[in-house]
Amino acid sequence: MVHYLLAFHSSCSLEPRNRNAFRHRLSLRYEEKLPGVDIFVCTADPTIEPPIMVINTVLSVMAFNYPSENLSVYLSDDGGSELTFYALIEASHFAKFWIPFCKKIKVESRSPMACLSNPPTAALNSQEWSHIKLFQFTVSRYYTRKWSNELKLQPSWEGFLKKCRLSTKDFQNGLPLLLSDHQTILQILIDSRDPHAVDIEGCKLPTLVYLAREKNQQHHHNFKAGALNALIRVSSEISNGQIILTVDCDMYSNDSESIRDALCFFMDEEKGHEIAYVQYPQMFRNISTHDIYSNSLCVIYNVELRGMDGSGGPLYIGTGCFHRRETLMGRKYSKGNPLRIDTSVRKLCEGSVEELENKSKALASCTYEENTEWGNEMGLKYNCAVEDVLTGLSIKCRGWKSVYLNPERPGFLGVAPSTLGEALIQHERWAEGHLQILLSKYNTFLYGHRKIS
Ligand SMILES: O=c1ccn([C@@H]2O[C@H](COP(=O)(O)OP(=O)(O)O[C@H]3O[C@H](CO)[C@@H](O)[C@H](O)[C@H]3O)[C@@H](O)[C@H]2O)c(=O)[nH]1
Ligand SMILES: [Mn+2]
């Protein structure tokens, strides 16, 4: 084992790579023909991942500097939580103010919570500032079941929840707060095709969709991989962006230009057709001075992934990663038939919001994947504790390369485990997952031999 680790680390030092994106050139060449980008945010439990954190991440990615008609944001809620849903409704209203505000003041990063804790230097209008504070305060009250029960006792909140229920087809029967057995709940909260979906400056808003896929005791839900696969199918019906960004709900966007930076690699005329995904490192905003649990993972992000980039590309590590839709769907690399980003005008998905919702609900049912290749040759792989790593390796076995992008300003910032217990659980899961891969047919030496360049 020690020899293997030594060999791996030495090989990583052979050709480490640092990448730079020339985002202005992308804009000069392709501004009018940028591809559709679908962003998937995953959450699973409103008590561990409070709605306030989730919607701050959602707002940060809605505010990317990218044409809104080409941007769609999907929140997958495996907790099926009413609280998260209502918080998202609040966010959909707040976005009308937040997106133009970020552009006007040039806010970086575009998570309202991060903006409050690190205010921009521009002269701030006190009314706008109070608006952001009030929004954070309102949503911070959507916290746990206990909180919401207390809130429901107040007449004003009862009225508010009732209003939300009435405006929400799937929640209208007053379902319990945490659901492990329910039908698909799907709602398009903002449809960017709608001429009325505009912000306070009259500019278009990105599409925003809430999805809690169907869950029941008879069918395994396959954790995050299952959630992402449902999102791939649902989004193909609603917006069908050629590029997919996956982020965990605790990891907000810290640089509004990240989509454009990633596109510089996908749209590179010489090498772009070989690239399946562009991976950012996981950086954390809560690293303590002495980092006693070694959460910053310096060796992985400064040595290993940079080194792997020099020889074919880094692993997929689950969050902060831009993929081509087709490679996630299982497409093989073909030199003779290169897959280029289609820069011709994007075809919009057709149908009313109700039609799109009904068609896509069926794609998120428990039975949809029966007797299909989903979880195997299509989408994210199942039955592995590190489904992201295994999926990335299999994409590379199909002939693709990947890119590691680690700019000076972190593209995404997340939350690292803050207690010994949490850190141990995370490392145990990672260790188990990597060992599982080593002992499986996907063992990198056997399965990957001659396949990974
Ligand atoms: O049934 C589930 C379980 C988890 N998640 C989401 O998956 C993400 C990651 O789960 P978490 O419990 O935070 O695991 P971590 O160990 O912190 O995740 C790291 O390790 C995972 C496995 O390699 C990667 O998928 C993640 O991107 C990476 O941040 C979170 O957004 C969860 O909400 C779901 O959507 N459904
Ligand atoms: Mn996490």
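Counting starts at 1 for both ligands and their atoms, following the listed order.
- Judged purely by distance below 3.5 Å, without hydrogens or angles, the side chains of His221 and Glu214 never pair a donor atom with an acceptor atom.
- Of the protein's heavy atoms, Phe223 CA, 3.2 Å lies nearest to atom 1 (O) of ligand 1.
- For ligand 1, the atoms sitting less than 4.0 Å from at least one non-hydrogen atom of Thr319 are 27 (O), 29 (O), numbered in the order shown with element in parentheses.
- Residue-to-ligand polar distances keep Ala227 apart from ligand 1: every N/O pair is separated by 3.5 Å or more.
- With ligand atoms numbered from 1 in the order given, ligand 1 contributes 33 (O), 35 (O) to contacts under 4.0 Å with heavy atoms of Thr43.
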Could you please spell out the steps behind the ring-ring contact (aromatic ring centres under 6.0 Å, His included) verdict for His323 and Tyr316? CA-CA 10 Å; His323 288 269; Tyr316 166 39; 4.5 Å; yes
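- When non-hydrogen atoms are compared, ligand 1 lies under 4.0 Å from the side chain of Asp78 (C-beta onward) but not from its backbone.
- Judged purely by atom type and a 3.5 angstrom limit, Asp45 has no side-chain atom pairing as donor or acceptor with the backbone of Gly79.
- The shortest contact between atom 20 (O) of ligand 1 and any protein heavy atom is with Trp430 NE1, 3.1 Å.
- For the ligand labelled ligand 1, residue Gln282 lies inside the 4.0 Å heavy-atom shell.
- In the vicinity of Gly318, heavy-atom distances shorter than 4.0 Å reach the ligand 1 atoms 27 (O).
- Nearest protein heavy-atom neighbour of atom 31 (O) of ligand 1: Cys42 O, 2.9 Å.
- Considering both main-chain and side-chain atoms, Arg429 comes within under 3.5 Å of ligand 1 through a nitrogen or oxygen pair.
- A distance-only check finds no donor-acceptor pair linking the side chain of Ser68 to the backbone of Leu205 [under 3.5 Å].
- The proximity of Gln426 to ligand 1, defined as any non-hydrogen pair under 4.0 Å, is limited to the side chain.
- In this structure, Ser76 falls outside the shell of residues with a heavy atom less than 4.0 angstrom from ligand 1.
- Counting only heavy atoms, the protein gets under 4.0 Å from atom 27 (O) of ligand 1.
- Classification of Arg233 and Glu369 as a salt-bridged pair holds, one side-chain N sitting under 4.0 Å from a carboxylate O.
- At distances below 3.5 Å, not a single donor-acceptor pair connects side-chain atoms of Glu108 with backbone N or O atoms of Glu257.
- Within ligand 1, the atoms closer than 4.0 Å to a non-hydrogen atom of Ile317 are 27 (O), numbered from 1 in the order shown.
- Distance from atom 32 (C) of ligand 1 to its nearest protein heavy atom, with residue and atom name: Glu49 OE2, 3.4 Å.
- Contact check for Ser402 versus Gln279: no side-chain heavy atoms found under the 4.5 Å cut-off.
- Within ligand 1, counting atoms from 1 as listed, the ones closer than 4.0 Å to a heavy atom of Cys249 are 31 (O).
- In summary, of the residues considered (Asp77, Thr184, Leu75), a side chain to side chain contact (heavy atoms under 4.5 Å, CB included) with Leu211 occurs for Thr184 alone.
- In this structure, Ser111 and Asn56 approach most closely via the heavy-atom pair OG-OD1, 3.6 Å.
- Looking at Asn222, Asp388, Val41, Leu390, it is Asp388 that brings a heavy atom closest to atom 23 (O) of ligand 1.
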Would you sort out whether Phe101 and Val107 count as a side chain to side chain contact (heavy atoms under 4.5 Å, CB included), showing the intermediate values? CA-CA 8 Å; Phe101 173 79; Val107 175; 3.9 Å; yes
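- Looking at every heavy atom in both residues, Asn65 comes nearest to Arg110 through N-NH1, 4.3 Å.
- Asn406 and Arg19 share no donor-acceptor pair across their side chains, judged by distance under 3.5 Å alone.
- Note on ligand 1: Ile48 sits outside its first shell, no heavy atom being nearer than 4.0 Å.
- In Asp250, neither the side chain nor the backbone holds a heavy atom less than 4.0 Å from any atom of ligand 1.
- No side-chain donor-acceptor contact under 3.5 Å links Thr207 and Asp191.
- Among all non-hydrogen protein atoms, the one lying nearest atom 7 (O) of ligand 1 is Lys224 CD, 3.1 Å.
- Of the protein's non-hydrogen atoms, the one nearest atom 9 (C) of ligand 1 is Asp248 OD2, 3.5 Å.
- For an aromatic pair to be called close, the ring centres must be under 6.0 Å apart, and His273 with Phe266 fails this.
- For atom 4 (C) of ligand 1, the closest non-hydrogen atom of the protein is Ala44 CB, 3.9 Å.
- Annotation: Val386 places no N or O atom under 3.5 Å from an N or O atom of ligand 1; distance criterion only.
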